[in-house]
Amino acid sequence: MSEYESMADRDEALALSRAAPDHAWVLTDRDVWHRNPFYHGPEMPHPEDDGAHDFIADHGIDAWREATEAARAAAIAAAEAKAREIADAPDPWWPDDPTP
């Protein structure tokens with residue numbers, strides 16, 4: 001997909017999302033699923049995630065939401081730790097000692 005096709009796809013997804021704020025995911029004409037930024041309901045699995053659907057069938061939607069919430073929290077914590085590590089690292093381009 002070219003850059004312009006991608007932009008058109010995102011624009012279409014945004015228009016579809018505005019029109020359907022009660023849907024967690026929207027499908028564009030290019031057969032691409034997009035998370036709806038206007039949806040504020042409970043977390044829903046990706047429509048083509050068979051693993052999630054199998055898990056939900058076995059354990060229920062609430063168990064899936066708890067598992068994904070825990071995974072999301074762990075990913076956010078890891079990203080924040082990495083960001084702190086990068087921020088605290090000395091900058092190789094700007095050494096602390098200005099003298100050569």
* pair Met44-Arg65: side-chain heavy atoms closer than 4.5 Å -> yes
* **Minimum heavy-atom distance Pro47-His53, with the two atoms named** => O-NE2, 3.3 Å
* State, yes or no, whether a side-chain contact exists between Met7 and Arg10 at a heavy-atom distance under 4.5 Å. => yes
* Asked: Nearest 0.5 Å, what's the OH-CG distance between Tyr4 and Asp11?
  -> 13.0 Å
* Ignoring hydrogens and geometry, is there a side-chain-to-backbone donor-acceptor pair from Glu12 to Asp29 under 3.5 Å? -> yes
* Asked: Taking it one step at a time, do Lys82 and Glu85 satisfy side chain to side chain contact (heavy atoms under 4.5 Å, CB included)?
  -> CA-CA 5 Å; Lys82 184 65 175 174; Glu85 178 185 325; 3.5 Å; yes
* Structure fact -> Sorted by chain and number, sequence neighbours left out, side chain to side chain donor-acceptor pair (under 3.5 Å) with Glu80 holds for none
* Asked: Is the backbone of Ala57 close enough, under 3.5 Å, to the side chain of Trp64 for a donor and an acceptor to pair up by distance?
  -> no
* Structure fact -> In this structure, CZ of Phe55 is separated from CD1 of Ile61 (nearest 0.5 Å) by 10.0 Å
* Heavy-atom check, side chain of Leu14 versus side chain of Phe38, under 4.5 Å -> yes
* Closest approach of Pro21 to Arg18 (non-hydrogen atoms, all atoms of both residues) -> CD-O, 3.6 Å
* To do: Inspect the surroundings of NE2 in His34 and state if more than 12 heavy atoms from other residues, nucleotides or ligands are less than 6.0 Å away.
  => yes
* Asked: Just by modelled atom types, is the His23 backbone N or O under 3.5 Å from a matching donor or acceptor in the Asn36 side chain?
  -> yes
* Which atom of Ala13 lies closest to which atom of Val26, heavy atoms considered -> O-CG2, 3.8 Å
* **Interatomic spacing from CG in Asp22 to NE2 in His40 - rounded to 0.5 Å** => 12.0 Å
